[in-house]
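Reading through the structure tokens given below for one structure.
Side chains are part of it too, since the values below use all heavy atoms of this structure and drop only hydrogens, waters and symmetry mates. In listed order, ligands and their atoms are each counted from 1. Predicted, not measured: the structure shown is a model, and the values here were computed from it. Throughout, residue positions are numbered sequentially from 1 according to the sequence presented.
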Amino acid sequence: MKTIIEPFRIKTVEPIRMTTAEQRESILRDAGFNPFLIHAEDVLIDLLTDSGTGAMSSEQWAGVMRADESYAGASSFYRFEGTMRELTGFDHILPTHQGRASERILFELIGGKDKVVPNNGHFDTTRANIEHSLAEAIDLPIPEARHVSDPHPFKGNMDVEALERLIEQTGPSRVPVVFVTVTNNSAGGQPVSLENLRAVRACCDRHGLPMFLDACRFAENAWLIRQREPGQHDRPVRDIVRDMFDLADGATISAKKDGLVNIGGVLLLRDESLFTGASNLLILTEGYLTYGGLAGRDLEAMARGFREVVEDDYLAYRIRSVEYLGRALTDAGVPIVQPPGGHAVYLDATAFCPHIPADQFPGQAVVCGLYRLAGIRCVEIGSLMFGGEGKSPPPLELVRLAIPRRVYTQSHIDYVAEAIIELWQQRETLRGLDIVDQPPVLRHFTARFVEREPAG
Ligand SMILES: *Cc1c(COP(=O)(O)O)cnc(C)c1O
């Protein structure tokens, strides 16, 4: 069979609500043209994020009921720890309430003034936590990542020569860690090859530096390695996952992605003294070592989610459904980041709205246009998310359509494709925006806008 079907059937349904064009117009205005400020029940198809929005399996829900809620030493923790150990080979495993808690703990320990942290592409919370510690976050993607239509199979790769130069310029003592984000969310959900991970590792070894993974989408990255990297096609995905983690000295993970849960995070460490420091901070602000700010039922759901995510049927369907949307848009001439990555399709907002300059947020204009037209919610990844006072403008203006895991069916995706193609055909009607109110950090979450009048 050619068709790859959803490898599950539906046991519980959640109605989604249609709105009228007039309703959406006033909802959009009330939300200050910011999709984060729209009530979820006013959204028909929600592609804002794939974070914590997935559907749990019947096995995970059964685990929720069976979970052990003991304060210390709960059996749910040991099942979670066992799963993570088997998957990653790490001994020191701390649960946290989500990825950014792992980041905050880590950078409180190793960040700080005059430090420089290189990454193939920092995610927004990672960058914010590094900068909050007064360290500097530097992105070193390969040059191909800046070219939307370049079909390079591993556009998430780090530019290892640039890394080498950076370490030589700043001196290794100012670089506490080299981070690699798999997959690279900010650059289009693009995977990192095993070859590139090995090259980054070798560079770290030359300078005696630790290498960490931001491993939120480790399973999707491993599947794309299996599909795209020479010599990897016949290998079990678990072996590829293990190869990735074996190269690292630590990892921060948001379980809200490939953990297939609605809340949760992980911090993996090898270094003994770092583990002691992290354990103390965990107890200080998250919770005791065997629950880290989560309920036993969350740990139980993670223990099962991290197993289900490396099943071949699941990953084949997952990556194929993203590809399917990418193919429908490409066939209609809509400019997207090529090739589609693991968890999302990214529209090229610069090509979508050549009439809107970066300082009027072309990505946000597309986001608002898509909600207005079809009740679909998505997110800008460009000058709004990464720009602002004193920051250099990002290389790309993108709109991310993140696909929640195991939530929408093929007909939902067909509807999304149809809506975007219709918006593309009327793209000259999209209008730029001006910010009227914004917070000092992570402004995209709460900023409010006014829309420009149509030109002419
Ligand atoms: C989601 C995400 C994070 C942060 O995780 P949260 O669970 O949202 O705190 C960090 N890095 C990447 C690449 C992510 O996608």
Side-chain angles (χ1 to χ4, degrees), residues 36 47-54 94-108 111 117-133 137 139-141 145 155-158 177-192 197 212-222 224 244 248 250-268 282 285-286 292-294 298-299 301-302 305-306 309 318 322 341-346 378-381 385-386 394 398 400-405 441-442 444-445:
F36 283 100
L47 308 182
L48 184 69
T49 174
D50 63 322
S51 177
T53 53
L94 294 173
T96 59
H97 82 276
Q98 58 183 89
R100 71 196 67 182
S102 304
E103 293 167 354
R104 202 267 305 149
I105 289 171
L106 181 69
F107 291 111
E108 188 166 334
V117 180
N119 196 321
N120 52 337
H122 288 91
F123 183 65
D124 58 353
T125 62
T126 323
R127 170 176 292 280
N129 272 294
I130 290 168
E131 291 174 353
H132 184 69
S133 86
D139 291 341
L140 301 174
K155 281 167 104 171
N157 283 355
M158 182 177 257
V177 64
V178 175
F179 247 85
V180 186
T181 305
V182 292
T183 57
N184 186 350
N185 191 357
S186 320
Q190 299 292 327
V192 178
L197 285 172
F212 270 54
L213 296 177
D214 177 340
C216 295
R217 298 179 182 80
F218 68 96
E220 290 167 4
N221 198 88
L224 290 165
M244 290 163 52
T252 54
I253 303 180
S254 168
K256 301 171 72 170
K257 285 76 176 235
D258 278 352
L260 297 178
V261 293
N262 305 117
I263 195 75
V266 191
L267 178 59
L268 302 176
L282 188 79
T285 60
E286 289 278 297
L294 295 168
D298 301 320
L299 295 166
M302 280 205 280
F306 276 112
V309 79
R318 169 71 179 158
V322 173
H343 68 289
V345 168
Y346 291 69
C378 52
V379 70
E380 191 259 17
I381 303 225
M385 184 178 277
F386 294 113
L398 303 176
R400 186 183 73 183
L401 306 152
I403 316 291
R405 294 172 180 77
V441 288
L442 296 174
H444 54 288
F445 287 129

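For atom 3 (C) of ligand 1, the nearest protein heavy atom (residue, atom name, distance) is F123 CD2, 3.3 Å. Among all non-hydrogen protein atoms, the one lying nearest atom 11 (N) of ligand 1 is D214 OD2, 2.7 Å. In terms of protein heavy-atom proximity, atom 5 (O) of ligand 1 is nearest to S254 CB, 3.2 Å. For atom 6 (P) of ligand 1, the nearest protein heavy atom (residue, atom name, distance) is Q98 NE2, 3.3 Å. Ranking the protein heavy atoms by distance from atom 1 (C) of ligand 1 puts K257 NZ, 1.3 Å first. Given atom 4 (C) of ligand 1, the protein heavy atom at minimum distance is T125 OG1, 3.4 Å.
Using a distance-only test at 3.5 Å, with no hydrogens or angles considered, no donor-acceptor pair links the side chain of D214 to the main chain of H122.
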- request: Test side chain to side chain donor-acceptor pair (under 3.5 Å) on N185 and R400 and set out the steps.
  value: CA-CA 10 Å; N185 191 357; R400 186 183 73 183; 3.1 Å; yes

task: List the steps, then state whether side chain to side chain donor-acceptor pair (under 3.5 Å) holds for T96 with R104.
output: CA-CA 10 Å; T96 59; R104 202 267 305 149; over 6 Å; no

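Short contacts between ligand 1 and K256, defined as distances under 4.0 Å to a heavy atom of the residue, involve ligand atoms 7 (O). Atoms of ligand 1 lying under 4.0 Å from any heavy atom of T181, numbered from 1 in the order shown and given with element: 13 (C). In the vicinity of E103, heavy-atom distances shorter than 4.0 Å reach the ligand 1 atoms 10 (C), 11 (N). Of all the atoms in ligand 1, the ones that sit under 4.0 Å from a non-hydrogen atom of R100 are 5 (O), 6 (P), 8 (O), 9 (O). Counting the atoms of ligand 1 from 1 in the order shown, those under 4.0 Å from a heavy atom of N185 are 15 (O).
Using the six-membered ring where Trp is involved, F212 and F179 have ring planes that are tilted, between 30° and 60° apart.
Across V178, N129, T126, I130, a single residue satisfies side chain to side chain contact (heavy atoms under 4.5 Å, CB included) together with V117, and that is I130.
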